[in-house]
Q: 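One structure follows; several queries about it will come next.
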Amino acid sequence: MVLDSETKPSKYERFRIETEPAPHVFQIPNRFDVSARKVRLAAMLVHEAFEFKLNKEVVLSRPCIYGVFGGHFGGFKPLKHKCVGCMRCVQEYPHIMTVKQSDEYKRLGDSFWTPEAVFTILNEASTGKIPVKGMGYKGAFGGEGFDGIWTDMSEIVRPTRDGVYGREYISTCVDIGRKPTSVDFGRIDQSPSTVEVPVPIIFDDLPAFDFDVWNAVGKAARKVGTFFVTHDQTRGEDYRERMIPIVDDNSLDETLEKRPSIVEYDSERSDLFEKLSDSLPSSIVIARVPLREDTADRACKLAREGVHGLHLYADYHGQDYSGDPRHISESVKEVHQLLVKEGLRDQVTIIASGGITLAEHVPKAIICGADLVGIDTTVLVALQAEFLGETRDRNSYKLRPRKIDPAWGAQRLVNLFGVWHDQLIEILSAMGMRDVRRLRGDIGRSMMDAELREQSFKGIAWAT
Amino acid sequence: MGNLELIVEKHSERIHHGLEVLPTLRHGLPAGLGNKRWTAELILATYEMALTGDLPKNGLEYKIGDSGGGFDVLGWKNNGFPKIDEDDVDLSISLNKREVGKKIEIPLPIYGGGMSFGSISLNFMLARARAAKKIGTYTSTGEGGYPDAIVPYRDHVITQVATGMFGVREETIQYAPIVEFKYAQGAKPGLGGHLLADKVTSEVAKMRESSMFTSLYSPFPFHSVYSVEDHKKHVDWIKTVNPRALVSVKVSTPTDVDMVAIGSYYAGANIIHIDGGYGGTGAAPEIAKKNIAMPIEYAIPKVHDYLMSEGVRDQIVLIASGGIRTADDIAKAIALGADGCVVATAEAVAVGCTHCGNCERGRGCQVGITTTDPELSRLIEPEWGETRIVNLFTAWSKRLRSILAGFGLESVRDLRGRKDLLVRYK
């Protein structure tokens, strides 16, 4: 007897975001600036010509394995874009060669966006590949905000080997929407169902409106299966099913007419919530809430009023709007923990935005209590926008989008999502976790710099 | 001599000369060299120590980096003048504290970490093995197998058994005075290993019993180990194949690293080797290196204190690795509770590594360390590399003796857990 399972092809399809190269369109600065003292270089060539008896192949064999001196003029006109900073030329000819970080590279970004972070995003968007390097970590020890959080790993007790290359599945899906605590048969057809996204990342409303960028975001959201938040719902019919409009008085009628599956509104406008929930019973209604000292209490109030989700946002540098600003990781944790304490947490979805600029910030924000995150300035960095100053303030952003081809832009954003998805899987895999939803608020699977420092260095006196 | 030989000789000579000249600062501090953990000064100081066997005398910083945390914010209490003669300080440690099994001592609280054949060149592997023999300590094969060329040094080579089981054979376990189980590594905790296809040359493929130029993955974790009892079976397996071997268990630093350590003790391990999240030499996703598992500075006291509280601390050796760059780091690790340290990156820096991290790019390391490129591999002559590594450890010994003599400690064993000798900087 032939079993059905042997005759029917499996419908199982492992979720994967297909990436493909989308090279930089606008020139990016060389990371390293390599230069030679020309007189000394000429003297060295003459010296080596004698030393190696005019053996051209030996004399002209270069100290660079990346081809920096492979141009017609060798070291006299090095191909700076090929320099990876390995320093071998300096090791061989310290009296001739200089390699330093280029001034253009050092000027990238702002006080929050370091040149390394900008380069990381540019390269992830361009290649769709996880950044890999050898010889250990090279940055600062721990730090503030997300830098002060390490994620756990499991030595032996874990269910599967997955990772990016594994055979088994780790789910990165999350649900957006309110989960009823009990079944109400009287409202069973009216309650909005949750919406699933395959990665815990959406596009937040962008600081600058540019139609091509907007198009690129829409295309990428559709391809990945995620959503994008926008103030402008007047265009982009192609992406309507992926759109989360932010509703205000001006756009209310249009929203009611177009009936999006998810809407956001300013949490100060409780009247809007009532109108939206009454008129759009099938839509998921999310309150946009700026993170402040009192946000945890406010979040509980909103959850009790029946909102389906809270979109908590900090400024673009990840600092909240408290009198004494805290990092978003702290303020989201506070909101999450109070909702848990009040028994409300499972009734609302938390989206965290502001300062989510690197792949590692996604699992860390989720550990702090978010269900998913929104990205903003990162989108523009991936699309090679220009920094014009400090990008911190949501109302006076300093990132100028360039003129782009939306298809190119969409591929860059798909690549970014693909790489971040792979890195999220790496983090979950190391923890032996098969579902990102289990990570939410699981502080126990993280390690905090400040706490560990006090525990481990207890008994060590301060230097006087 | 053919042109290829001439070219290799030319560049080797130039590199050697550069490693000699750069620490003099005659041409200034190279602007593009180094990073927060391995600063330019620390790299140049390591070159200098590898050249002279002595501590730098021109003011180069050789004690700490600029990471702003961990070892870099710890210092020593001001202890005035040396209280005992430095020559009277004993730096040896035992690698077996149990009553049974072979007693092995090493003259320094240091041995070499696992770097596999394939991820590094055979010449560098040989340099490390020769140096270990000369010093009387050990180096580890990593998980890439046991090349015939290092068999003559087998009394100083630890055979690593990792999840991919590459090159693990009965004879390589029987060779080994110490067998190291690698459950995880600091470079990519919880992620297993990945040797890129370009590095899987015919020799590497033969050693690992795989196909040429095909990426090789070490799975994670050991699929035969999901409990301390399973782990004990592993230990028993090794002790059956080679009853003389000591067993080391290399793990990373999760939240429950203390529980892992006690589990290893009860499974019969002689050495618990904890590898912190910031270290490692292997190519790894940047996200893993920075974010997964805790730094070694925090893990050492956690494990040491727990083993103390369980009353077994004096029956198991605690070895720390993952970001140990200097003699001061070693002494601080011991003061935090370790018995000794494993180093690998510092050995690479001794032979010219610039910590640039391009190990996996193109043909591999530009100075012949992490490469299987036939031309680049020859830039490190094993004898030269041996001398550099021995010199580095000699210089480190001087610094360790100086620290201990300053506190009037006659043995490095007396430094263990002496957090009271450390101070913190803001």
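Lettering follows sequence order; numbering is per chain, from 1. Just so it is clear, the values below take in all heavy atoms, side chains as well, and ignore hydrogens, waters and symmetry mates.
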Q: Give the member of K458(A), E48(A), E51(A) that has the highest number of heavy-atom pairs under 4.5 Å with chain B.
A: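 Most heavy-atom pairs under 4.5 Å with chain B: E48(A).
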Q: Name the region of A348(B), side chain, backbone, both or neither, that has any atom closer than 4.5 Å to a heavy atom of chain A.
A: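 Side chain of A348(B) only, per the 4.5 Å heavy-atom cut-off to chain A.
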Q: Measuring heavy-atom distances to chain B, does E116(A) have an atom under 4.5 Å in its side chain, in its backbone, in both, or in neither?
A: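 When you check distances to chain B, no heavy atom of E116(A) falls under 4.5 Å.
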Q: With only heavy atoms counted, which part of T255(B) is less than 4.5 Å from chain A, the side chain, the backbone, both or neither?
A: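 For T255(B), the contact with chain A is made by backbone and side chain together.
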Q: Identify whether NZ of Lys or CZ of Arg in K426(B) sits under 6.0 Å from the centre of the six-membered ring of W462(A) and within 45° of that ring's axis.
A: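 Yes, K426(B) sits over the ring of W462(A).
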Q: Answer with side chain, backbone, both or neither: which region of R361(B) has an atom nearer than 4.5 Å to a non-hydrogen atom of chain A?
A: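 It is both, since atoms from each part get that close.
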Q: Checking L421(B) against chain A: side chain, backbone, both or neither under 4.5 Å from a heavy atom?
A: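 Interface part for L421(B): neither.
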Q: Please look at E297(B) and chain A and tell me whether the side chain, the backbone, both or neither of the residue comes under 4.5 angstrom of a heavy atom of that chain.
A: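 For E297(B), backbone and side chain are both near chain A.
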Q: Is it the backbone or the side chain of L29(B) that comes under 4.5 Å from a heavy atom of chain A, or both, or neither?
A: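 Interface part for L29(B): neither.
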Q: Between V99(A), L452(A), I65(A), V34(A), which has the largest tally of heavy atom pairs under 4.5 Å with chain B?
A: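 Option with the greatest count: L452(A).
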Q: Non-hydrogen atoms of chain A under 4.5 Å away: do they reach the side chain of L4(B), the backbone, both or neither?
A: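 Neither; nothing under 4.5 Å.
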Q: To the closest 0.5 Å, what do you measure between CZ (F222(B)) and NE2 (H231(B))?
A: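 If we round to the nearest 0.5 Å, F222(B):CZ and H231(B):NE2 are 9.5 Å apart.
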Q: With a 4.5 angstrom heavy-atom cut-off, which part of L74(B) approaches chain A: side chain, backbone, both or neither?
A: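 Side chain of L74(B) only, per the 4.5 Å heavy-atom cut-off to chain A.
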Q: Which one wins on heavy-atom pair count under 4.5 Å against chain B: K364(A), Q91(A), K100(A)?
A: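 Going by pairs under 4.5 Å, I would pick Q91(A).
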